[in-house]
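Nothing here was measured: the structure is a model prediction, and the numbers come from that model. In what follows, every chain begins at residue 1, and chains take the letters A, B, ... in the order their sequences are listed.
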Amino acid sequence: MASDTESSTAGRPGIQGRPVARKVLGPFSGYSKIEAAFYHLKAWLKSPSPYLMVLGFMLLMGFWWLSVEVWKLPRFAGMPGPTAVVREWFSREPTFGLSFYTPDYYLHILTSLQRVFIAFVLSTLIGVPLGLIIGWSRTARDYIFPVLEMLRPIPALAWVPLAILMFKSSEGPVVFLTFLPAFFATTLNSMLGVHSIDESYFRAADCLGASRWQVFRHIVVPGALPFVFTGLEISIGLAWFSLVAGEMIAGEYGLGYVIYTSYTMVSYPTIVIGMITLGVVGYVSSAIIRAVGMLLMSWRSRELGLGGQ
Amino acid sequence: MLTSLDRTNTKTMRGAIRIEGAVKVYGNAERSVVAVDNCSLECPPGEITMVVGPSGCGKTTLLNAIAGFHSLTSGAIYLDDEMLCGPGKPKADPGSDRIVVFQNGALFPWKTNLENVVFGPVMQGKLSIGEARDKARTMMAEAGLSGLENDYPGQISSGVRRRVEIVRALMNDPKVLLLDEPYRALDSLTKSVMHESLLETCYRNRITVFFITHDLEEAIFLGDQVVIMTSRPCRTKKLLKIDLPHPRNYSIVTSNRFRELMDETMDAVHEEAMAAFRLGEREG
């Protein structure tokens with residue numbers, strides 16, 4: 001991106017110090033972050049992407065509506081149609097007991113959010129340092145990596161019996177099951193992040209007299225950060241994923257619980273309400289992680305696009 | 001500007017590298033490759049030694065041994081008569097008295113240019129952050145890099161990036177600068193400017209430079225001495241003192257003396273390039 005500041009002075013210049021006079025200014029230099037955000041929003045609205053996004057959702061809804069309510073395809077017989085779901089969702093007195101107007105709806109969301117949050121924070125606090133250390137130290141890798149690789153393919157559902165045996169509380173097993181896959185994803189990606197760092201950065205740091213700890217702090221951590229955040233995005237997705245498995249064993253509250261009990265209680269529109277809510281909350285949480293990552297790695301967006309368009 | 005005469009007078013006697021019978025064998029007993037075979041070489045202090053050889057001839061192995069990234073199988077390397085590596089100590093310790101400027105550049109992309117430049121002295125605890133920043137700003141200004149302090153390396157051109165990297169090295173007041181084909185990826189116009197900028201840096205800092213290249217013209221333009229290496233295994237084939245006067249600028253490329261020196265070395269280099277070509281050595 002940065003146009004070559006040298007080529008214009010080629011030919012036969014003198015040897016005296018030539019100042020690199022100007023630098024390429026990003027489109028937002030001198031603007032505040034809020035103005036930059038507005039600029040991005042406007043550019044986004046002018047581009048086709050928001051309209052294609054709306055179109056994509058409309059196609060999905062249209063297909064759902066046509067197949068269930070208009071054509072009444074045999075495969076979809078008994079499934080709730082979009083109008084039934086929307087009517088239930090916006091109803092002040094929902095037939096099956098769950099809508100925007102019932103406090104229970106938010107209690108379910110909150111309970112699930114809380115579980116995912118605890119599991120995600122734990123998996124990050126343990127997984128990131130562990131992954132960085134495994135990636136950095138060969139000895140640590142030799143100890144820990146084979147064990148991790150053996151445990152990783154075991155699905156969350158297979159842990160249910162042990163989880164119940166291990167934790168006496170009702171919250172414990174759910175959080176544990178949510179934590180596990182998130183933890184593996186975070187650890188593995190953090191490790192790969194360290195491996196992705198170019199050897200010459202380590203050598204340069206050695207040349208410049210950095211101690212082992214300084215290398216970890218100044219090279220390993222920032223160098224692995226792009227992979228770490230990819231790992232966190234995957235990890236929060238997996239956390240929501242396995243949350244449902246966990247909530248099926250713990251009673252009372254949570255979106256997974258809503259979906260599962262609605263099935264046994266034959267309240268079909270509520271199943272879909274639970275599913276869509278899960279999708280939206282999951283999407284938002286991934287987006288938040290992504291935004292935090294971008295904020296922490298401003299060097300990257302500046303490098304990629306000088307202001308990150 | 002220092003003339004060549006001034007340069008000899010003010011030359012400090014530090015940063016002399018002596019390589020004695022260096023041997024490097026890769027691999028094990030069954031399959032081994034001799035990368036460097038009984039290579040001896042002296043780099044006088046404060047001078048620029050250009051090491052020329054075809055790609056993959058083992059010259060980077062030699063540089064890595066001086067820097068302390070790799071061990072030697074046998075032989076010894078001395079810096080100012082102090083043994084870096086040799087009998088009983090196959091691998092030198094990397095240190096800020098010998099700093100490498102890498103082929104693909106190794107500025108930390110997650111640090112701004114200024115943070116990169118202050119890295120050495122701050123990590124070693126030689127300077128406080130404030131002092132280091134002041135020194136860095138001064139040195140960047142001297143190198144014509146003012147105004148780029150708060151940019152990230154990814155935002156500036158690769159030529160300017162190399163200059164920042166050289167400033168980062170010079171911040172540590174090293175005895176030796178080890179350059180591993182640093183201008184390989186640059187276009188020829190940028191390269192010529194970079195060459196003059198490097199010479200200017202050397203005039204200002206009186207530093208020993210060990211510079212690896214496969215570009216003969218670059219070698220003669222920059223070097224006080226040019227060492228031509230044989231293709232793998234790497235050995236010194238020909239050593240040539242370059243008597244072109246300092247300060248040099250690009251006009252000397254067309255001078256008769258420059259052409260004579262090119263003629264004198266061209267055959268030797270071409271021979272080795274042919275040898276490497278026949279072996280089908282991998283680049284690198």
Worksheet item: Does atom CG of A/Leu55 have more than 12 heavy-atom neighbours, drawn from other residues, nucleotides or ligands, at distances under 6.0 Å?
Response: yes
Worksheet item: What residues of residues 120-151 of chain A sit under 4.5 Å from chain B when only non-hydrogen atoms are counted?
Response: none
Practice prompt. Check whether B/Asn64 gets within reach of chain A through its side chain, its backbone, both or neither, counting any heavy atom under 4.5 Å.
Written response: side chain
Worksheet item: If you tally heavy-atom pairs under 4.5 Å against chain A, which of B/Lys126, B/Arg168, B/Met171 wins?
Response: B/Arg168
Practice prompt. Flag yes if more than 12 heavy atoms outside A/Glu199 fall under 6.0 Å of its CD atom; otherwise flag no.
Written response: yes
Worksheet, complete the sentence: Under 4.5 Å to a heavy atom of chain A? For B/Leu186 that would be neither
Worksheet entry | side chain to side chain contact (heavy atoms under 4.5 Å, CB included) assessment of A/Phe202 paired with B/Phe69 | CA-CA 10 Å; A/Phe202 289 105; B/Phe69 302 147; over 6 Å; no
Worksheet item: Nearest 0.5 Å, what's the SG-CG distance between A/Cys207 and B/Asn172?
Response: 9.0 Å
Discussion item. Taking side chain as everything from C-beta outward and backbone as N, CA, C, O, which of these in A/Asp198 sits under 4.5 Å from a heavy atom of chain B? Side chain, backbone, both or neither.
Written reply: neither
Response to the item:
Ranking B/Pro121, B/Gly68, B/Pro94 by heavy-atom pairs under 4.5 Å to chain A gives rank one to B/Pro94
Worksheet item: Around B/Phe258, counting heavy atoms of other residues, nucleotides and ligands shown, do more than 12 lie under 6.0 Å from its CZ?
Response: yes
Practice prompt. Provide the closest heavy-atom pair for A/Leu208 versus B/Phe119 in the form atom of the first, atom of the second, distance.
Written response: CD1-CD2, 3.7 Å
Worksheet, complete the sentence: When every non-hydrogen atom of A/Ser200 is compared with those of B/Gly105, the smallest separation belongs to OG-O, 4.3 Å
Discussion item. Quick check: do B/Phe102 and A/Tyr201 have side-chain heavy atoms less than 4.5 Å from each other?
Written reply: no
Practice prompt. Determine which residues belonging to residues 209-226 of chain A lie within contact range of chain B, meaning some heavy atom pair is under 4.5 Å apart, and list them by number or answer 'none'.
Written response: A/Gly209, A/Ala210, A/Gln214, A/His218, A/Ile219, A/Pro222, A/Gly223
